[in-house]
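Below, chain A is the first sequence line, B the second, and so on; all start at residue 1.
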Number of protein chains: 2
Amino acid sequence: MRIGELSQLTGASIRSLRYYEQQGLLKSDRSDSGYREYNLTAVEQVKTIRFYLSLGLTTEEISGFLTCVMKNKEAFCQEILPIYRQKMAELDAQIGLLTGIRANLAERITSILEENEGSDKS
Amino acid sequence: MRIGELSQLTGASIRSLRYYEQQGLLKSDRSDSGYREYNLTAVEQVKTIRFYLSLGLTTEEISGFLTCVMKNKEAFCQEILPIYRQKMAELDAQIGLLTGIRANLAERITSILEENEGSDKS
DNA sequence: ATAAACCCTGACATTAGTGTCAGAGTCAAG
DNA sequence: CTTGACTCTGACACTAATGTCAGGGTTTAT
């Protein structure tokens, strides 16, 4: 199939499919005229890529284990666990940061509301 | 004082101070030679800017109430509460997203560890 | 008066994936 | 053979604050 069909079957934009290829995540044959040609396994592969992207992994990280997970169960791929753990650490750091900011913000909102008590015309 | 001194007194880089000015958050007089000249109140102002930035507000949002909070108590500035609330909503959305991803990731890690039980050579 | 330290503007880079456009070639159906 | 739909590459845009560099002027201390 050509790239338009693959795009429709996977939900990935044509632009994204070309980008995945550029990042080494997706291979394509070329027709005589230079059109990309995909076989059916590409559909699964793209869905897999998009799933890992949705977990917050980067294309570079995904490229480290994609070939393995396309052939085996995830648990078989040793490369994946350290990446998961690192991503967890990043997530925890980010969530912690945002949660701290949130608490700060909540406190300021409360403080403003309290200060405006009694002088609130509405 | 000139920009280098303001930078040292506030912890903001010279680049950032120029950026704040470009965004309309900071004003400066100019000497005959074109050097920026600041008075002492600039120190407080820059610290205030940096504080709001650390709360996750953008320079554009800050510009909406900075003049007011430099002159009054925060609670007096009506512009600030809706911005705080919107930022809270954004934070909650972002935290929720990351938390969901984190749960997904944690589940996958657990699943991998379970699948590798008993066949784990280490 | 000269060197070192300071300041100026303008510009490009950074992140990471995606949107979008231009200009050109290809394919399919009529 | 023509038209419309498809595809190609390459490039710029985006977010937002900051780093950094180049090329040039200024101030200060010696």
Note to self: Under the rule for side-chain contact (heavy atoms from CB on, under 4.5 Å), what residues qualify as partners of B:Glu74, not counting sequence neighbours?
What the structure shows: A:Arg108, A:Ile112, B:Tyr52, B:Val69, B:Ile80, B:Tyr84
Notebook entry, point to check: So with a 6.0 Å cut-off around CD of B:Gln8, is the heavy-atom count from everything else above 12?
Noted result: no
Check: Would a distance-only check, ignoring hydrogens and angles, find a side-chain to backbone donor-acceptor pair under 3.5 Å from B:Lys87 to B:Gly56?
Finding: yes
Next item on the list: Under the side-chain contact (heavy atoms from CB on, under 4.5 Å) rule, collect the residues that match up with A:Leu113, sequence neighbours excluded.
Entry: A:Ile109, B:Leu81, B:Arg85
Check: Which of residues 26-39 of chain A sit near DNA chain D, with a heavy atom under 4.0 Å from it?
Finding: A:Arg30, A:Gly34, A:Tyr35, A:Arg36
Item checked: Crowding at CD, A:Gln78 (>12 non-hydrogen neighbours, <6.0 Å) -> no
Next item on the list: Report the residues that fulfil salt bridge (Lys or Arg N to Asp or Glu O under 4.0 Å) with B:Lys73, sequence neighbours left out, ordered by chain and then residue number.
Entry: A:Glu115
Checklist line | side-chain hydrogen bond (donor to acceptor under 3.5 Å, both in side chains) against B:Ser13, all qualifying residues, sequence neighbours excluded | finding: B:Ser16
Next item on the list: Strictly below 4.0 Å, heavy-atom distances to any atom of DNA chain C: list the hits from residues 46-61 of chain B, or just say none.
Entry: none
Note to self: Side-chain heavy atoms nearer than 4.5 Å, only ILVMFWY residues, links allowed to pass through others: does that put B:Leu17 and B:Leu9 together?
What the structure shows: yes
Notebook entry, point to check: When rounded to the nearest 0.5 angstrom, what distance separates CG in A:Asn39 from CD in A:Glu44?
Noted result: 12.0 Å
Margin query: Can you confirm whether more than 12 heavy atoms, excluding those of B:Phe76, are under 6.0 Å from its CZ atom?
Written below: no
Note to self: Rounded to the nearest 0.5 Å, what separates atom OG1 in B:Thr10 from atom CD in B:Glu5?
What the structure shows: 10.5 Å
Next item on the list: Please round to the nearest 0.5 Å and tell me the distance separating atom CD1 of B:Ile62 and atom CG of B:Leu55.
Entry: 8.5 Å
Checklist line | Partners passing side-chain contact (heavy atoms from CB on, under 4.5 Å) against A:Thr59 (at least two apart in sequence or in another chain) | finding: A:Tyr19, A:Gln23, A:Leu25, A:Leu53
Item checked: Straight-line distance of B:Met1 CE to B:Leu40 CG, nearest 0.5 Å -> 4.5 Å
Note to self: Checking B:Ser28 now: which residues fulfil side-chain contact (heavy atoms from CB on, under 4.5 Å) with it, not counting sequence neighbours?
What the structure shows: B:Glu21, B:Arg30, B:Arg36, B:Tyr38
Notebook entry, point to check: Does anything in residues 2-18 of chain A reach DNA chain C, meaning a heavy atom under 4.0 Å, and if so which residues?
Noted result: A:Arg2, A:Ser13, A:Arg15, A:Ser16
Notebook entry, point to check: First and last nucleotide of DNA chain C in contact with chain B, 5' to 3', at under 4.0 Å to a heavy atom: what are they?
Noted result: C:dC6 to C:dA11
Item checked: Residue-level proximity of residues 86-99 of chain B to DNA chain C when a heavy atom falls under 4.0 Å -> none
Margin query: Can you tell me how far apart CD1 (B:Ile49) and CG (B:Leu66) are? Round to the nearest 0.5 Å.
Written below: 5.5 Å
Item checked: A:Glu107 backbone acceptor or donor facing A:Ser111 side chain under 3.5 Å -> no
Checklist line | First-last contacting nucleotides on DNA chain D - partner chain B, under 4.0 angstrom, heavy atom | finding: D:dA17 to D:dT27
